[in-house]
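Note sheet for the following structure.
Just so you know, these numbers use all the heavy atoms, side chains as well, and skip hydrogens, waters and symmetry mates. Just so you know, ligand 1 is whichever comes first in the structure, and atom 1 is the first atom listed for that ligand.
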Amino acid sequence: MDKLEEYRQEIDQLDEQIQRLLVQRRELTEQVGIYKREHQIPVEQEGREKEIYHNIATNYPIPVAEDLFEIYRKIIAVSKRQQEDEHCE
Ligand SMILES: O=C(O)C(=O)C[C@]1(C(=O)O)C=C[C@@H](O)C=C1
């Protein structure tokens, strides 16, 4: 097997783990959404989002942290949309 194929197999394995974790995260944020609805708490929690970005900035050097910020902006946007949709049900 050539080297490129080997790299891609490794990427596939990592992607499986990432997807599994993202689905677990999604299930949790769904529960958070239900809790917020029951307790009339707004979906968007700016302070919590800042904490998440702060944790990333603390754990990774700038170029890596910036890439992670970009990915997390999307993850959090999707989880807020999911919670907003639950709010409408
Ligand atoms: O912590 C929350 O309140 C969540 O709903 C989770 C989450 C996230 O996806 O991490 C989503 C929306 C909030 O604005 C902040 C964080």
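At a threshold of 4.5 Å between side-chain heavy atoms, the hydrophobic network of Ile, Leu, Val, Met, Phe, Trp and Tyr places Tyr60 and Phe69 in one connected group. Residues Val32 and Ile34 do not share a hydrophobic cluster, clusters being chains of Ile/Leu/Val/Met/Phe/Trp/Tyr side chains in contact below 4.5 Å.
Within 4.0 Å of ligand 1, the residues that place a heavy atom are Arg25, Thr29, Val32, Lys36, Val43, Glu44, Gln45, Arg48, Glu49, Ile52, Ile76, Ser79, Lys80, Gln83, listed by chain and number.
When side chains are defined from C-beta on, Glu49 counts as touching Glu44, because their heavy atoms get closer than 4.5 Å. Within the 4.5 Å cutoff, side-chain heavy atoms of Tyr53 are placed close to those of Ile76.
Surrounding CZ of Arg26 are at most 12 heavy atoms belonging to other residues, nucleotides or ligands under 6.0 Å away.
Tested against Lys36, the residues Gln31, Gln45, Gln83, Glu86 include a single side chain to side chain donor-acceptor pair (under 3.5 Å) partner, Gln83.
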